[in-house]
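Below is one structure, written out as structure tokens; comments come after it.
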Protein chains: 2
Amino acid sequence: MSPAEPLLILTDDDLLAEHWQALGRSPVRARRLEDLDTWRSAGHRLVLVDLDPRRADAPLWQHAAWQRNATGLAILAASAQPNDDEGLAVLNAGACGYCHTHAPTTTLRRALDVIAGGELWVGRALLSRLLRLVDTRLPRVGLAHWSAPLTEREREVAQLAAVGDSNLAIADALGITERTVKAHLKAVFEKLQVADRLQLALRVHGVR
Amino acid sequence: MSPAEPLLILTDDDLLAEHWQALGRSPVRARRLEDLDTWRSAGHRLVLVDLDPRRADAPLWQHAAWQRNATGLAILAASAQPNDDEGLAVLNAGACGYCHTHAPTTTLRRALDVIAGGELWVGRALLSRLLRLVDTRLPRVGLAHWSAPLTEREREVAQLAAVGDSNLAIADALGITERTVKAHLKAVFEKLQVADRLQLALRVHGVR
DNA sequence: ACGCCACCTGTCCGCGTGGACAATACCCAT
DNA sequence: ATGGGTATTGTCCACGCGGACAGGTGGCGT
């Protein structure tokens, strides 16, 4: 095992920076894209960068400082609202990985391990799309669908809950009692290992 | 950290099997594709499979035993001579990863970690090719950012609320009172024209 | 100085939610 | 027949949430 390369955290979001400190790897905080120059000339490679700056004029990866450092660094780009097109763009701009800004720490650590090892890291949503684009007659990749362990009825309830319907609204829509909706949701929460309907919504809509 | 899921090693190459034993994870050796059935019904998920069987009639991923188990398992497929087309085929057949049979142990371990975590793993060669194939000049419209009308503080609160944090958790994270969080959220709801934090989450994450 | 705005805090209250106890009925496999 | 899974409904209760009243501070521009 290599002794964990140091990590440059690049964001102007103080809160996010603090959150990312928990990743370990002797993190160093930076705010300006130009800090990539000093990081690279110091012999380091690993960078975690926030793609959503407060004062955004143009995409980060179009800046000169990014362009001249991208190939020499191992950059993991994070977005608050990951989006396939943005992911493609930033990967094409030389990033080694693309993920959610608030991805679980374990996921971020894994992604950093991967790109530190010289590989590329792409989340399953974007990767699935890439595969689908290349092979259009794709019968659906092996990623487990959120509704896999659910029964038919549970799926219906979960679907409605995930778009914000209240228990009563779901009950009316399905012609059952609110109590029954709660029973189904309880089962859904347990099977999908989520705490509440908001986490369910995030799961259903492919966030994290 | 999860306590390393057990691993099923599927190959009829004794030498290779011995080599893969070094990966750890309480490896279990299997020779026949049908052993995937018992592995899955035993509640396990992780599999490392050799795509180059001694007596090859048809690609492994076209066998019935593969097809009926692929979605339920996390399969890392390995080939002695990795090739982009084979990689695409096997990934489309439900594998969660594709790599070289004799990849370094650290690489294999990393790949297993990744797919055990629910992600997909693709080597940089294949991934680069995928990116190149879809490198259509991305339209990338500057869609109105959800946080446009929000103040700095409101943005922070909204971001945390949108990933499921409770008011109290947000308050602790920002070093303010729960009451203040509610005040900010009230303003956020009004500015973004949403009823509650679930709708906020959907908006923030680009759903609808 | 005055108004505006961002930021912060307090109390009260109604309601939706989710969990913990239940129970009944149907279908299907051993 | 007995057991298991699915679907349904009931009551009770603690908790978080969001709204509605209220208030205080500091900065910034006219």
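The chains referred to below are lettered A, B, ... by the order of the sequence lines, with proteins before strands, and numbering in each begins at 1.
Side-chain N or O atoms of Trp20(A) include none that pairs as donor or acceptor with a backbone N or O of Leu10(A) at under 3.5 Å. Arg31(A) places no side-chain N or O within 3.5 Å of a backbone atom of Asp12(A) that could act as its donor or acceptor partner.
Residue contacts for Ala187(A): at a heavy-atom cut-off of 4.0 Å it reaches no nucleic acid atom on any strand shown. Using a 4.0 Å heavy-atom distance criterion, Thr180(B) is classed as a base contact.
Atom CG of Leu150(B) is separated from atom P of dC7(C) by 10 Å (rounded to the nearest Å). Between the CD1 atom of Ile176(B) and the C1' atom of dT9(C) there is a distance of 10 Å, given to the nearest Å. One can place CG of Leu200(A) at 14 Å from C1' of dT17(C), the figure rounded to the nearest angstrom. Distance, Glu154(A) CD to dG5(D) C1': 11 Å, rounded to whole Å. Atoms CZ (Arg153(B)) and P (dC7(C)) sit 8 Å apart, rounded to a whole Å.
Between Glu154(B) and Lys191(B) there is a salt bridge, with a side-chain nitrogen of the basic residue lying less than 4.0 Å from a carboxylate oxygen of the acidic one. A salt bridge is absent between Asp37(B) and Arg32(B): the closest approach of a Lys/Arg side-chain nitrogen to an acidic carboxylate oxygen does not fall below 4.0 angstrom.
Contact between the side-chain N/O atoms of Thr151(B) and the OP1/OP2 oxygens of dC5(C) is not found at any separation under 4.0 Å.
Paired with Val47(B) under the rule side chain to side chain contact (heavy atoms under 4.5 Å, CB included), one option of Ile9(B), Asp35(B), Ile75(B) passes, and it is Ile75(B).
The line from CD1 of Ile170(A) to NZ of Lys182(A) is 12.0 Å long, rounded to the nearest 0.5 Å.
Taking only side-chain atoms of Glu152(B), from C-beta outward, the nucleotide of dC7(C), dT9(C), dT8(D) with the closest atom is dC7(C).
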Distances under 3.5 Å between nitrogen or oxygen atoms of protein and nucleotides 11-19 of chain D:
residue	atom	partner	partner atom	Å
dT11(D)	O4	Arg179(A)	NE	3.0
dC17(D)	OP1	Asn167(B)	N	3.4
dC17(D)	OP2	Asn167(B)	ND2	3.4
dG18(D)	OP1	Arg197(B)	N	3.0
dG18(D)	OP2	Arg197(B)	NH1	2.8
dG18(D)	N7	Lys182(B)	NZ	3.1
dG18(D)	O6	Lys182(B)	NZ	3.1

